[in-house]
Every structure is written in structure tokens, then in C-alpha cells.
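Accompanying notes for the structure given below.
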Amino acid sequence: MAAQSFDTVVIGAGPGGYVAAIRAAQLGQKVCIVEREHMGGICLNWGCIPTKALLRSSEVFHLMERAKEFGLKADNIGYDLDAVVKRSRGVAKQLSSGIGHLMKKNKVTVIMGSATIPAKGKVKVETDKGTEEITAKNIVLATGARARELPGLEADGKRVWTYKAALQPPHMPKKLLVIGSGAIGIEFASFYNTLGADTTVVEVMDRVLPVEDEEISKFAKKAFEKQGMKILQKAMVKKLDRAADKVTAHIEIGGKVEKHDFDTVISAVGIVGNVEGLGLEALGVKIDRTHVVTDEYCRTGVDGLYAIGDIAGAPWLAHKASHEGVMVAELIAGKHPHPIKPNSIAGCTYCHPQVASVGLTEAKAKEAGYKVKVGRFPFIGNGKAIALGEPEGLIKTIFDEKTGELLGAHMIGAEVTELIQGYVIGQKLETTEEDLFETVFPHPTLSEMMHEASLDAYGRVIHM
């Protein structure tokens, strides 16, 4: 059988991959997408979407427990973990099915199977029916990443979990250890802690959520501890002793190793790129610490071969992958897209309270040589936050004193993952402090705090 020929072949149907395929098809290309597991990839099936569905359930449960504060009555409050998980899986399935519809709508050929690249411009796919050979002018790698597993801390799906088991738990943890306090670890810690698990978080760095601004990290730690979490910083889990009904963790802190028993452990110590078995080394693709090295346009150095999303390195975010997918499709089509600036990509963590940020932290701005003006506004000073019963939070802005450029914005509190996009757009439009001062923010909204935090940086705050 003659090999099928395409303008562009995308390997991997996660957010970056399927968006690249759709945009390429919109631009008149003949496109094929190859996926070995699930349409929508990890994000839709085992990451972003199902975790948010779980967290929404825990958020509603938390509000039910607070019913009396709002003048409401809710007796005999409880939850059905199986039903919570079932809803989460249903949400993921609905969106994954939607990706299949989008492929048909845009006339993208879908092949389910495992791909390799035996030579430049060629893709071989092992499917249930045999081997298919494809030729393509352009190949886009979007194979994503998987959970990193450290020696001695490997998941077994029973007592020691990665994200997949945590999304479909075989039991409700009573005493939970979460290793790693990045977004994934903290989100699972928040979910299970809210449902009643005695939760301990171990972080090797000197603070939780270590990529965030230090002030936000400290605020988050206090909030988590107030909720009953135990936070161990500058600590390391050296090994796990496993038994049928418990796991004994050897935790090193302050130079001493302590033993603590848990019934469940979640390992959230980062990710590794899915670079194996593709034939990349033979093609001359450079790989650094399990991630493909690319230029600012996601080009690998091999003509016609691109890499986007998690496989191409940090920041490991679905929205970054999607934007790269659009950029590469347009580049292939002969257009002139702008490269992505990592500092312009917002990060969001959907714990309670939520955390969101964009741009430079205060420390990074100073390291870069900026003389900064910093503004802050607390949720307790905002009428909408008080009305919502969410008075704990903070918005922080960082400006360049010389030019008024918004260098960074950092938030913690209710719905900040929705608010952050205002500052993202501001940065994209090269907004200055005066632009933010003169913008009329609607009242009563949480967004008013964005205005006040900007005013505060220049000594003009009104409600504080």
C-alpha cells in the first residue's frame, strides 16, 4: 500500500497538538494527527480538566460546611467519593469526545496508534490493524509529558499514587502525604484535605509553590496551615517502606531523618518529556533533560520538524502549548507569527485559595536590574470579596519605576485564576501605570482590587 501523504502530521492530540492540527487545516493544509491513547491528551483526560472538576466538588462541599455563615441551613453534610470521581470522569469524557468532533469538522485525518519518525518527512504508525506509513512536509511533535518518578518513591497505584490514581482513587485517604508543592501537588492536597484527609505536604525548596512570588508563597502557607495542612519545607522524602495498609515515609528535615506513617502517598515531583521511541536521536534532534531543544519558533533544527508543548520545555502549561500550536501552524503556512514570550504566560493553581501570576516576581525584577514600585491590595478591603465571604487574599503588582511598565502581577484569593487575564492583556498591550489608573473598573467586583493594587504602587490607593 502506498504511503499516505500530508502537508502536516501532528504527533500527539493534547491541547497543543489538536490546536496545531485545527489551525493548519484552517489555513488550507492537508493534516493528519496521530494519537496513541486519548483525544485531548493528558490535559483533558488526566490533568487540567478532571482535576478542576474534582476541585469544584470540594469547593461546593466547603461552602456547604459554611452554610450557617450565609444564613442557610444544610444538615447532615457529606459526600460520595465515587460519585465525585464519576462526575470528573464524565466531564473529561465529554470534552475528549468534543475533540473528535472538531477533527471531523476541520477534515483532519485521525490515526490512533504509536508513531515513530524513521526518517525526515516520514512517520510510521503502529495501529491495532497493523503498520501505516505516512509522508509529510512538516511534522509537529506534541507528545507531552508524564509524571516524574524518583527511585524508591515509584507509584504502585495502591498506596503510592501519581496523578492518575489520585484522579481515580482506590480509597479515600485518611492520612495523606503529598510529595511536592507545585501546582499538581498543592491541588491534590487541597482537594483531599477539604474532604477530610489529614494532609502533610513535603517540599524540598524553602517554600511552597516555589515558582510564585515569595510573598504569595508565604500567604499560601498560612492559608493551608489554617485549613489543617502540615507543611514541611526544606524537607526531602528519602524512601518509602510499604506495607499492605500503610506507607512509612523517611523524611529528612534539618539534617535529621524522621519516620512518619501514612495510608496514602501522592508523588508530584515534576514531569519528564515523552521523547523515547520516536527516533529523535537518529534524526539529530537535540534533547536536554528529557525535553526537545527548540528555538523561539519551536523549530528543532531538523528541517520541517517542530516540537511544542510539554515536550519542548517550560512553562509546562496547556495554554502555552495551544498557543505554540497556532504559531507553528501559521509559520508552516508562510505567515509571520510572533514568538511566545514565557514571561507573558500566566500560571494558575486551583487550590483553595487560588493562586495566579504573570511576569516577574519582585525578586526576579530586582535581579534583572529594575528599580521597582510595588503595590498591594488585600481582599478584606474589597466589598465584593466580603459579600462573597472570601475576605482572605492579596493582589500584588510590580512596576518599573522608570517607565511605568507592568513587570509582574501576583494574586492569591477567590477567583484570581479568572482575574489574572486582565493583567496578561495589559502586559501584551504594553500598558503603563497611567493606563491602569485611568481605566474604570466596574463596582462591585473583585477586579477593583487590580485597580487599587496598581494605585497603591504609586501611593494613590483609595480604600486602604
Side-chain angles (χ1 to χ4, degrees), residues 1-41 44 96-144 273-285 292 294-295 297-312 321-337:
M1 184 187 293
Q4 295 188 71
S5 181
F6 294 91
D7 296 314
T8 298
V9 171
V10 181
I11 303 175
Y18 78 73
V19 168
I22 290 171
R23 185 62 182 132
Q26 288 175 343
L27 292 168
Q29 301 232 337
K30 184 182 179 184
V31 184
C32 172
I33 191 164
V34 181
E35 170 57 44
R36 69 181 181 184
E37 265 186 297
H38 311 283
M39 297 304 292
L44 263 66
S96 181
S97 300
I99 302 304
H101 170 72
L102 290 173
M103 295 300 104
K104 288 180 182 178
K105 178 184 174 183
N106 289 279
K107 297 180 173 60
V108 175
T109 299
V110 177
I111 300 176
M112 298 302 295
S114 297
T116 56
I117 308 172
K120 179 182 166 185
K122 294 186 178 181
V123 178
K124 185 166 71 173
V125 187
E126 298 295 334
T127 73
D128 290 341
K129 297 178 182 178
T131 302
E132 287 200 40
E133 294 186 353
I134 304 169
T135 62
K137 296 173 187 174
N138 301 283
I139 299 171
V140 181
L141 293 170
T143 53
N274 293 322
V275 295
E276 306 91 345
L278 292 166
L280 301 182
E281 294 85 351
L283 290 169
V285 174
V292 173
T294 67
D295 68 5
Y297 289 100
C298 296
R299 295 177 292 211
T300 65
V302 176
D303 189 37
L305 182 63
Y306 304 81
I308 64 175
D310 288 356
I311 193 178
S322 296
H323 208 77
E324 286 177 337
V326 171
M327 179 186 72
V328 165
E330 294 185 350
L331 194 66
I332 288 170
K335 295 186 177 294
H336 304 282

Sole residue of M39, E37, R36 in side chain to side chain contact (heavy atoms under 4.5 Å, CB included) with M112:
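The passing option is M39.
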Out of the candidates I117, T294, V285, only one should pair with L141 under the side chain to side chain contact (heavy atoms under 4.5 Å, CB included) rule; please name it.
I117
Go through K137 and D7 one step at a time and tell me if the salt bridge (charged side-chain N to carboxylate O under 4.0 Å, His left out) criterion holds.
CA-CA 5 Å; K137 296 173 187 174; D7 296 314; 3.4 Å; yes
[atom1]/[X] to [atom2]/[Y] distance, rounded to the nearest 0.5 angstrom?
X: I134; Y: K122; atom1: CD1; atom2: NZ; result: 13.0 Å
X: I311; Y: L278; atom1: CD1; atom2: CG; result: 6.0 Å
X: Y18; Y: M103; atom1: OH; atom2: CE; result: 8.0 Å
X: T109; Y: K30; atom1: OG1; atom2: NZ; result: 7.0 Å
X: E276; Y: N274; atom1: CD; atom2: CG; result: 6.5 Å
X: L283; Y: K120; atom1: CG; atom2: NZ; result: 10.0 Å

Taking it one step at a time, do E330 and L27 satisfy side chain to side chain contact (heavy atoms under 4.5 Å, CB included)?
CA-CA 8 Å; E330 294 185 350; L27 292 168; 3.9 Å; yes
Short side-chain to backbone donor-acceptor contact, T116 and G279, under 3.5 Å
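No; judged by distance alone, with no hydrogens or angles, the pair does not exist.
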Is the shortest heavy-atom distance from the side chain of [X] to the side chain of [Y] under 4.5 Å?
X: I111; Y: C32; result: yes
X: V19; Y: V326; result: yes
X: V34; Y: E132; result: no
X: Y306; Y: I332; result: yes

How far apart are the closest heavy atoms of [X] and [Y], and which atoms are they?
X: A13; Y: E35; value: N-OE1, 2.7 Å
X: I11; Y: A115; value: CG2-CB, 3.8 Å
X: A142; Y: V10; value: CB-CG1, 4.4 Å
X: A25; Y: V31; value: N-CG2, 3.7 Å
X: V9; Y: F6; value: CG2-CB, 4.1 Å
X: A20; Y: I308; value: CB-CD1, 4.2 Å

Quick check on K124: does its NZ atom have over 12 non-hydrogen neighbours (other residues, nucleotides or ligands) under 6.0 Å away?
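Incorrect, the count does not exceed 12.
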Mark yes when over 12 heavy atoms from residues, nucleotides or ligands other than D303 sit less than 6.0 Å from its CG; otherwise mark no.
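Open: at most 12 neighbouring heavy atoms sit under 6.0 Å from CG of D303.
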So L44 and H38, side chain to side chain contact (heavy atoms under 4.5 Å, CB included) or not? Walk me through it.
CA-CA 9 Å; L44 263 66; H38 311 283; over 6 Å; no
